[in-house]
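Quick note: residue numbers are just sequence positions, from 1. Owing to the predicted nature of the structure, the values given are computational and were not obtained by experimental measurement.
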Amino acid sequence: MMRNEYSILPFTFKRLPHRKMLMVNQSGEFTFVSSDDFNNLLNHDLVADNSTYFELKGKHFLADTDLDIAQEMVATQLRSRKSFLRHFSSLHMIVVTARCNFICDYCHASSAALEQQKVDMNWAVAKKTVELIFSSPSPVLKIEFQGGEPLLNWPIIKEIVQYGIFLNRFAKRQLEFVICTNLTLLTEEMIDFIKEHKITISTSLDGPKLIQDLHRKTREGYSGYDVFHSNLQRLREGIGQDGASALLTITKSNLSRLQEVIDHYVELGFDGVFLRALNPYGFARQNMEQLGYSVEEFVGEYKNILRYLIELNLQGIPFAEYYTTLLFQRILTPFSTGFVDLQSPSGAAISGVIYDYNGEVYPTDEARMLARTGDRRFKMGHVLKNSYEELFAGALVKKLVKKSCIEVLPGCASCVYQAYCGVDPIRNYVETKDIVGHRPSSDFCKKNTMILDHLFQLIDENDPDVMDVFWSWITRRPLEEIRHDKFNRNSS
């Protein structure tokens, strides 16, 4: 084998400190190389007996006599990452009511008052919605009840669940149900029904009582936290400890108190948290000056709490950060993830869709929230007026797909993190009035770039304890099992 006889396969790169380069190919495989080896690669001066040569060949950054095989391997890996496209819409969110017994000042959905019965979904709309859901080709159908506070329209939830189970006798899909609720209206009858039909509960928790009640205010003026805490215990007694998960909204009030928030999550028996930055929708957009913070402030606290979580895990307290887990799944494994924000083309309508109480259909929850403020440009159609094909193969969905392929978007096409990131055309529109968006001014882009910079720094440092914790999150296995397996591999 003579020098120079190799082909360079497509990749993106980024210069790192200490004369090092991060390289990522189209299928998401990555490597760190020295600046000298990088220049030698590009100049076709990398010799075949160099260890870097064999690593770059093994990870499909270059090919010599096996170019066709290398290209097919990259294509196969890329197909695995894009596998979410095969199943189309699996997450179906149903807004059974826009009413809520809370009036949170960061509410993305701009919820309605309790007396506004006209914003409840009726059976005609609900029945047609379920039938449309079963028109999806996906082998997995997850129906997620949202609001407002969905328990305010409990009869429709029961009807949808029972009708969905009936239809599934013939469809034979993997059918799942989730209720997103503040838990304050939970009754024993509801708990029994939830247990009988194996329904998962997603609730909201911003921290201890003072933090929770600060922005999540009830319309009647009582402490929502007290009722939440009591009903969480009742729910777990009825359906088990793992039957409920919690979603954290981070505002200026709890950003600097995230360690206290995490401690409370642990105290209440939760085993993970999603560090979710505030999004510019609904009431949150109106109150952003009081609630918001800079991307730099958020990422700074994210790094601090990530260190804290690693220490908790090393002390024997298993607790994951879900956004970090999603990113590491994309970085360290060849598989796709179901998270809509990290998909290309966008997961809008492709991976998830939302049906509003009045039968209107939107590609994302954020598009529905935007409609609540009067802008319905992302309305796909109506369940009583449009067929499944008209909704999901219509001009709007095609436009969203066409304009959300990260591989060709300005600023994304050459980004080293392209393989791990995604596109949010609805947020792009909110921020720039253009669904393509503007990367240099995008907080979404800035946040993900800064977080991925930090994660790749941790990968490069390769601290065994830190990486073991991350692998325990990715595989959802105890840390001791990860260490035991690694010890056995190293001993064999």
Just how far is it from atom [atom1] of [X] to atom [atom2] of [Y], taken to the nearest 0.5 Å?
X	Y	atom1	atom2	answer
Arg477	Trp471	CZ	CH2	10.5 Å
Ile305	Leu258	CD1	CG	5.0 Å
Asp341	Leu326	CG	CG	9.5 Å
Phe145	Trp154	CZ	CH2	8.5 Å
Ser253	Leu291	OG	CG	7.0 Å

[X] side chain near [Y] side chain, heavy-atom distance below 4.5 Å:
X	Y	result
Leu248	Tyr265	yes
Val353	Leu391	no
Leu455	Leu306	yes
Arg234	Glu188	yes
Tyr362	Ile426	no
Lys209	Asp226	yes
Asn182	Ser204	no
Gln146	Cys180	yes

If we count only N and O atoms by modelled type, under 3.5 Å, do the side chains of [X] and [Y] hold a donor and an acceptor together?
X	Y	answer
Tyr163	Glu131	yes
Thr373	Asp375	no
Glu149	Asn101	no
Glu461	Gln457	yes
Arg257	Asn254	no
Asn153	Tyr357	no

Can you give me the closest heavy-atom contact between [X] and [Y], atom names plus distance?
X	Y	value
Thr12	Cys415	OG1-O, 3.4 Å
Thr218	Gly221	OG1-N, 3.0 Å
Tyr388	Pro137	OH-CD, 3.4 Å
Ser387	Leu132	C-CD2, 4.2 Å
Phe228	Leu205	CE2-CD1, 3.7 Å
Ala367	Phe378	CB-CB, 3.8 Å

Can we call the ring centroids of Phe30 and Tyr420 under 6.0 Å apart?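 Here the rings of Tyr420 and Phe30 have centres that are no less than 6.0 Å from each other.
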
Of the options Asp434, Val436, Val430, which is the one that meets Thr432 in a side chain to side chain contact (heavy atoms under 4.5 Å, CB included)?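 Among Asp434, Val436, Val430, the one meeting side chain to side chain contact (heavy atoms under 4.5 Å, CB included) with Thr432 is Asp434.
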
Any salt bridge linking [X] with [Y]? Criterion: basic side-chain nitrogen under 4.0 Å from a carboxylate oxygen.
X	Y	result
Arg368	Asp365	yes
Glu407	Lys82	yes
Lys127	Glu159	no
Glu189	Lys158	yes
Arg427	Asp443	no
Asp356	Arg372	yes

Using a 3.5 Å distance criterion without hydrogens, assess whether the side chain of [X] forms a donor-acceptor pair with backbone atoms of [Y].
X	Y	result
Ser442	Arg439	no
His264	Asp206	no
Tyr293	Leu278	yes
His197	Ile199	no
Arg219	Cys100	yes
Lys198	Lys195	no
Gln343	Gly422	no
Thr203	Thr181	yes
Glu321	Leu275	yes
Ser294	Glu297	yes

Taking atom [atom1] of [X] as the centre, does the number of heavy atoms from other residues, nucleotides or ligands within less than 6.0 Å exceed 12?
X	atom1	value
Arg86	CZ	yes
Lys447	NZ	yes
Phe134	CZ	yes
Lys379	NZ	yes
Glu289	CD	no
Leu210	CG	no

Please determine whether side chain to side chain contact (heavy atoms under 4.5 Å, CB included) holds for the pair Ile157 and Phe177, giving the CA-CA distance in whole Å, both sets of side-chain angles, and the decisive distance to 0.1 Å. CA-CA 10 Å; Ile157 292 179; Phe177 297 99; over 6 Å; no

Between Tyr106 and His215, what is the ring plane arrangement, given parallel below 30°, perpendicular above 60°, and tilted in between? tilted

Geometric cation-pi criterion, Lys433 with Tyr429: 6.0 Å, 45°: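 Yes, a cation-pi geometry holds between Lys433 and Tyr429.
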
Tyr323 vs Tyr302, ring pair (Phe, Tyr, Trp, His ring centres under 6.0 Å): CA-CA, chis, key distance, verdict: CA-CA 11 Å; Tyr323 194 62; Tyr302 164 85; 7.6 Å; no

